[in-house]
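Report on the following structure.
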Amino acid sequence: KYSPTLGDREFKKAVCKLEKELYKMEISEKQIAVGSGSTQLAMNLFTVLLDPGDKILMLDPSYCNYPTQIITGLPDVEILSFSVMDEKNWEYIADKKIEEFKTIVTENNISGLNITIPYKESIINQLDYVDPTAKEIGAVNTIKFHNNILSGYNTDYLGFYTSIKNIVNSNTKALILGTGGASKAIAYTLKILKIKYLFVSRSKKNKNYINYNEISKEIINKHNLII
């Protein structure tokens with residue numbers, strides 16, 4: 001069987017070797033945080049949380065690997081499809097579909113959801129309650145249903161915080177690549193850890209943002225954490 005521990009260890013060794021050969025940088029394995037792949041994380045959660053006869057709502061048909069794995073590993077689970085794509089023109093139509101969200105979940109007696117792009121921000125207006133932390137972050141990735149009340153939370157920052165809390169210090173400076181919903185949770189976490197950071201984006205909004213074409217060797221050397 002595949003060993004995540006062995007896989008992490010070998011991956012860290014490879015990264016250390018790559019940094020040394022390409023950039024002449026000496027880093028240790030302790031400086032590298034490795035997260036599980038999203039597919040494996042999803043399956044781990046499904047295995048723990050689901051019972052026979054439960055339903056899973058798939059918000060995006062592009063995640064074509066999930067249904068196959070679920071059917072194979074959890075044959076008694078029902079998969080519901082909620083397409084957010086115009087497959088003919090191959091474009092997102094999430095903004096047009098979001099109004100159907102409550103109808104789908106109430107009709108199918110679903111008890112919770114994990115939210116990914118492009119819904120993390122737009123879903124907030126469809127919820128009855130938003131956890132104060134998620135509200136401050138400005139993004140929701142987990143929804144709980146109870147007594148027909150939809151409550152939104154953000155667990156992205158918890159996972160990120162756990163991953164990096166032991167490898168950063170007050171001298172750490174970070175670059176956040178991208179400005180989507182997940183980046184908001186990352187920025188929130190860095191604020192908690194009192195780490196200075198810059199967003200790297202296609203558009204420069206304020207002094208905390210730089211464009212991708214502004215990235216230089218000097219900027220990379222000044223920021224020892226790249227997310």
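The structure displayed is predicted, hence computed values, not measured ones. Computed over heavy atoms, backbone and side chain alike; hydrogens, waters and symmetry mates excluded.
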**Prompt:** If you link I, L, V, M, F, W and Y whenever their side-chain heavy atoms are under 4.5 Å apart, who else ends up in the same group as Ile220?
**Reply:** Leu175, Leu177, Leu198, Val200, Ile210, Tyr212, Ile215, Ile219, Ile226
**Nearest atoms (heavy-atom pairs only) where Ala139 meets Glu121** = CB-CG, 4.5 Å
**Asked** Can you tell me how far OG of Ser163 sits from CD1 of Ile186, rounded to the nearest 0.5 angstrom?
**Response** 10.0 Å
**Item:** Identified ring pair (Phe, Tyr, Trp, His ring centres under 6.0 Å) counterpart of Tyr188 within the set Tyr157, Tyr161, Phe160
**Value:** Tyr157
**Spacing of Ile167 atom CD1 and Thr172 atom OG1 [to the nearest 0.5 Å]** = 8.0 Å
**Request:** Report the distance from atom CD1 of Ile137 to atom NZ of Lys120, rounding to the nearest 0.5 Å.
**Result:** 10.0 Å
**Complete:** For Ser28 and Cys16 the tightest heavy-atom approach is C-SG, 3.8 Å
**Message:** Checking Lys191 now: which residues fulfil salt bridge (charged side-chain N to carboxylate O under 4.0 Å, His left out) with it, not counting sequence neighbours?
**Reply:** none
**Message:** Would you compute the distance between atom CG of Asn171 and atom NZ of Lys196 and round it to the nearest 0.5 angstrom?
**Reply:** 10.0 Å
**Asked** What pair of heavy atoms forms the shortest contact from Ala134 to Gly152, and how long is it?
**Response** CB-O, 4.2 Å
**Criterion side chain to side chain contact (heavy atoms under 4.5 Å, CB included) on Val140 and Leu127, from CA distance to verdict** = CA-CA 10 Å; Val140 163; Leu127 303 177; 4.1 Å; yes
**Complete:** d(Ile195 CD1, Lys173 NZ) to nearest 0.5 Å is 12.0 Å
**Prompt:** So, do Ile164 and Leu190 sit near enough that their side-chain heavy atoms are less than 4.5 Å apart?
**Reply:** yes
**Contact check, side chains of Val130 and Tyr153, non-hydrogen atoms, under 4.5 Å** = no
**Asp156 and Lys184 ion-paired at < 4.0 Å** = no
**Asked** Has the side chain of Glu214 got a donor or acceptor atom that lies under 3.5 Å from a matching backbone atom of Asn211?
**Response** yes
**Message:** Under 3.5 Å, is there a donor on one side chain and an acceptor on the other for Asn141 and Thr155?
**Reply:** yes
**Prompt:** How long is the span from the CD1 atom in Ile124 to the CD1 atom in Ile143, to the nearest 0.5 Å?
**Reply:** 10.0 Å
**Asked** What closest approach, in Å, do Ala174 and Ile227 show between heavy atoms, and which atom pair accounts for it?
**Response** CB-CD1, 4.1 Å
